[in-house]
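Comments concern the structure below.
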Amino acid sequence: MINAGKYNRKIKIYQTEVVTDEQGFQTKQKTLVLSPYANVKTTKGFTLIKNNSDFEKALTNFTIRYPHTEINRDMIIEFREKTYTIVYLNNVDEANVELEIQAKEVTH
């Protein structure tokens, strides 16, 4: 039994593609694919130091109910005005109940 209350953060998942605009320039266009509620966990700084890891490897885990829409690593996630690239997708226990998405924040 899954506690529905743990999915308490709204995220947006976008597909990005390069399109040519009217002037002939190529620009990125994003299309909303899914806007689910998620359980969000971040890697804490203490854990990174304890495991002697680089802070560049800090990931954020977004766990959502298993979607009917296909999610892939070419998509991006927006959460709290930050953008994340998808690093890893995990169908939890291969049960098609939850999808864990490990993502890295895009820094400009």
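These numbers were taken from a predicted model, which means no experiment stands behind them. Values below: all heavy atoms of this structure, side chains included; hydrogens, waters and symmetry mates excluded.
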Hydrophobic cluster (4.5 angstrom, side-chain heavy atoms) - remaining members for Val19: none
[X] versus [Y], closest heavy-atom pair with distance:
X     : Y     : result
Asn72 : Asp74 : OD1-N, 2.9 Å
Met75 : Glu70 : CE-O, 3.3 Å
Asn39 : Lys41 : ND2-CE, 3.9 Å
Leu89 : Arg73 : CD1-N, 4.2 Å
Gly5  : Asn8  : O-CB, 3.7 Å
Tyr84 : Thr60 : CE2-OG1, 3.6 Å

CA sep, side-chain torsions, deciding dist, call: Ile76, Val106, side chain to side chain contact (heavy atoms under 4.5 Å, CB included): CA-CA 10 Å; Ile76 61 170; Val106 176; 5.9 Å; no
Can you tell me how far apart [atom1] ([X]) and [atom2] ([Y]) are? Round to the nearest 0.5 Å.
X      : Y      : atom1 : atom2 : result
Lys82  : Thr107 : NZ    : OG1   : 11.0 Å
Thr63  : Gln102 : OG1   : CD    : 9.0 Å
Ile101 : Asn61  : CD1   : CG    : 9.5 Å

Pair Lys10-Tyr37, side chain to side chain contact (heavy atoms under 4.5 Å, CB included): steps then yes or no: CA-CA 4 Å; Lys10 188 78 160 179; Tyr37 282 93; 3.7 Å; yes
Test log, rule side chain to side chain contact (heavy atoms under 4.5 Å, CB included), inputs Lys30 and Lys12: CA-CA 11 Å; Lys30 62 183 184 179; Lys12 293 182 180 181; over 6 Å; no
Check: Ile86 and Ile77 side chains under 4.5 Å, non-hydrogen atoms: yes
Aromatic plane relationship, Phe79 with Phe62 - under 30° parallel, 30 to 60° tilted, over 60° perpendicular: perpendicular
Residue list, side-chain contact (heavy atoms from CB on, under 4.5 Å) with Thr69, at least two apart or on another chain: Val33, Leu34
